[in-house]
Amino acid sequence: MHVPDGFLDAPTSVGTAVVAGGVVALSLARASRRELDERTAPLAGLVAVFVFAAQMVNFPVGAGTSGHLIGAVLAAVLVGPATATLCLTVVLGVQAFLFADGGVTALGTNVVLMGLAAVWVGYGVSRAVVAVLPTRPASVPFAAAAGALVSVPAAALVFVGLYAVGGAAPIPLDTLATAMGTWHLLIGVGEAVITFLAVGSIVAARPDLVHLARGRMPALELRTPEHVA
Amino acid sequence: MGSGHSSHLHVDGDTPLHRLPPHVKLLALLTFVLAVVAVPSPAHGVLLGLLLLAVALLATTRVAPRHLAPRLAVETPFAIFALVLPFVATGPRVELGPLTVSEPGLAAAVALLLKGTTGVVAAVAFAVTTRPRDLVRALQHLRVPDPLVLIASFMVRYVDVVADQLRRMRVARLSRGFSGRSVRSWPVLAAGTGALFIRSYERGERVHLAMVSRGWNGRMPVTHPLTATRGQWALAALPTLVAVAAAIGARLSS
């Protein structure tokens with residue numbers, strides 16, 4: 001699902017690379033302030049490896065076809081959006097340079113689509129949804145699913161916007177937006193279901209690791225058997 | 001698609017591309033592909049020439065074609081888009097055998113295939129001649145911010161470990177009679193993904209503690225700084241210069 005070289009013209013590619021650089025700089029500042037410090041770089045590295053590995057899990061759709069997770073909202077819900085942006089940026093960079101997946105000049109575009117649009121739109125929706133749900137850890141998977149559902153078509157529509165600026169051929173934009181939006185809404189449904197199930201299993205086992213569940217954990221109380229006291 | 005990355009592409013060898021320092025090669029790759037993308041789309045002959053140049057560069061790596069072919073398949077989704085393009089694009093129509101297609105759409109589709117393939121071929125030439133470790137050193141040398149370099153270094157170091165873990169979890173599922181063929185298998189696979197996150201995170205904690213106990217202070221020491229001679233820079237700049245000249249020439253003549 002990565003944009004290759006030549007899909008967008010050179011000025012647009014350079015422009016998105018500049019935007020991506022700015023986003024990464026802001027995420028570095030925010031991640032070091034709120035989500036990680038430089039001591040925890042190994043943790044962020046292993047989260048990046050996790051995102052990369054999670055994309056390798058094939059989810060059968062039926063009729064012999066299968067899809068895979070994008071993982072932008074999954075990462076954002078688990079470790080926070082700024083760290084997720086950094087992890088996805090590294091994953092996309094490693095995929096472009098070591099696996100030839102996604103164009104090297106389109107790296108900025110891919111970071112804008114997945115590291116910026118999918119992560120932050122999805123995380124914003126998740127935050128909004130979790131704010132209106134009851135304050136329990138069990139609300140978190142629903143919020144994550146809502147964010148994942150929106151994140152995929154959001155990234156697709158940002159791509160349509162970029163295509164309008166620097167696309168290779170004149171395609172009627174409303175057709176492109178409808179086709180991309182509808183198709184990616186379907187992909188988003190799959191992403192939402194998988195994110196819901198995965199976050200649900202993590203919240204059940206280790207809710208303390210889930211960034212979005214912070215402040216939603218039941219307060220621990222100290223109980224002393226009466227006959228001891 | 002991001003699926004199917006079993007292991008990285010690097011193949012050991014001793015060719016000019018293998019010997020180039022990684023930071024030189026990285027800059028050469030980026031500038032070459034950027035120049036190719038900047039060639040105006042109607043200049044199909046120029047683009048074809050640059051594609052052949054990229055193929056020639058890939059051929060100098062002496063890596064077996066059978067190792068390379070699966071890598072070139074990453075293009076498939078966009079090749080399909082390129083095939084659809086002539087039918088959905090607007091503009092004057094042109095006869096193509098029994099079909100009537102959009103003229104700018106057809107031109108753009110050919111250019112898109114040529115540029116995309118050139119990009120993939122050039123990136124594969126980089127990937128097969130560069131160790132993952134050297135990519136990280138190149139990023140560090142090129143002043144990429146430390147946290148990103150660190151994340152990238154842990155990623156290339158642990159990707160095979162985590163991929164192995166994923167494989168063991170798959171074997172465990174299969175040996176318990178699991179067969180994932182439909183959507184009904186998603187809860188199991190998704191719970192496995194969740195378990196993989198917890199295991200990766202806990203591995204990160206263990207790695208971090210092990211590093212702290214060995215004197216980690218938040219920075220990777222540079223043990224072997226990268227250097228490059230003028231000759232190596234000049235050699236690496238050649239394809240870029242050809243592509244820039246081609247792009248300028250095609251722009252002037254169009």
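Chain identifiers are assigned alphabetically (A, B, ...) following the order of the sequence lines, protein sequences preceding nucleic acid strands; residue numbering begins at 1 within each chain. Nothing here was measured: the structure is a model prediction, and the numbers come from that model.
Of all the listed residues (A:Val91, A:Leu92, A:Val104), the one sharing the greatest number of non-hydrogen pairs under 4.5 Å with chain B is A:Val104. Chosen from A:Asp9, A:Val57, A:Leu69, the residue pairing most often with chain B at heavy-atom distances under 4.5 Å is A:Val57. Considering only heavy-atom pairs separated by less than 4.5 Å from chain B, the leading option among A:Val79, A:Leu176, A:Asp5, A:Leu28 is A:Asp5. Of the residues considered (A:Thr195, A:Ile202, A:Val94, A:Leu107), A:Ile202 shows the highest number of contacts with chain B, using heavy-atom pairs under 4.5 Å. Comparing B:Leu26, B:Thr130, B:Val144, B:Leu113 by how many heavy-atom pairs each has under 4.5 Å with chain A, the most go to B:Leu26. Note: A:Leu78 leads A:Val199, A:Val47, A:Leu78 in heavy-atom pairs under 4.5 Å with chain B.
Within the 4.5 Å cutoff, the side chain of B:Leu29 has heavy atoms near those of the A:Phe97 side chain. Two residues are said to be in side-chain contact when any heavy atoms from C-beta on lie closer than 4.5 Å; A:Leu8 and B:Val37 fail this criterion. In this structure, the side chains of A:Leu46 and B:Tyr158 come closer than 4.5 Å at one or more pairs of heavy atoms. Counting heavy atoms from C-beta on, the side chains of B:Val159 and A:Phe52 come closer than 4.5 Å.
Residue A:Val49 comes nearest to B:Met155 through the heavy atom pair CG2-CA, 3.4 Å, listed as atom of the first residue, atom of the second, then distance. Looking at every heavy atom in both residues, B:Leu112 comes nearest to A:Gly6 through CD1-O, 3.4 Å. The two residues B:Tyr201 and A:Leu209 make their nearest non-hydrogen contact at CE2-CD2, 3.4 Å. Here the closest heavy-atom approach between residue B:Ala190 and residue A:Ser201 is recorded as O-OG, 4.3 Å. Shortest non-hydrogen contact noted between A:Ala96 and B:Ala123 is O-CB, 4.1 Å. A pairwise comparison of heavy atoms in A:Ala100 and B:Val120 identifies CB-O, 4.1 Å as the closest pair.
When heavy atoms are compared at a cutoff of 4.5 Å, B:Leu34 approaches chain A by way of both its backbone and its side chain. Of the two parts of B:Leu135, only the side chain, counted from C-beta on, holds a non-hydrogen atom closer than 4.5 Å to a non-hydrogen atom of chain A. Within the 4.5 angstrom heavy-atom criterion, no atom of A:Val203 approaches chain B. Neither the backbone nor the side chain of B:Ala111 has a heavy atom closer than 4.5 Å to any heavy atom of chain A. Interface remark: B:Glu202 contributes side-chain atoms only to the contact with chain A (heavy atom separation under 4.5 Å).
To the nearest 0.5 Å, the span separating CE on A:Met56 from CG on B:Leu196 amounts to 8.5 Å. B:Phe154 contributes atom CZ, which lies 9.5 Å from atom CG of A:Leu43 (distance to the nearest 0.5 angstrom).
In the displayed structure, B:Arg170 atom CZ is contacted under 6.0 Å by at most 12 heavy atoms of other residues, nucleotides or ligands.
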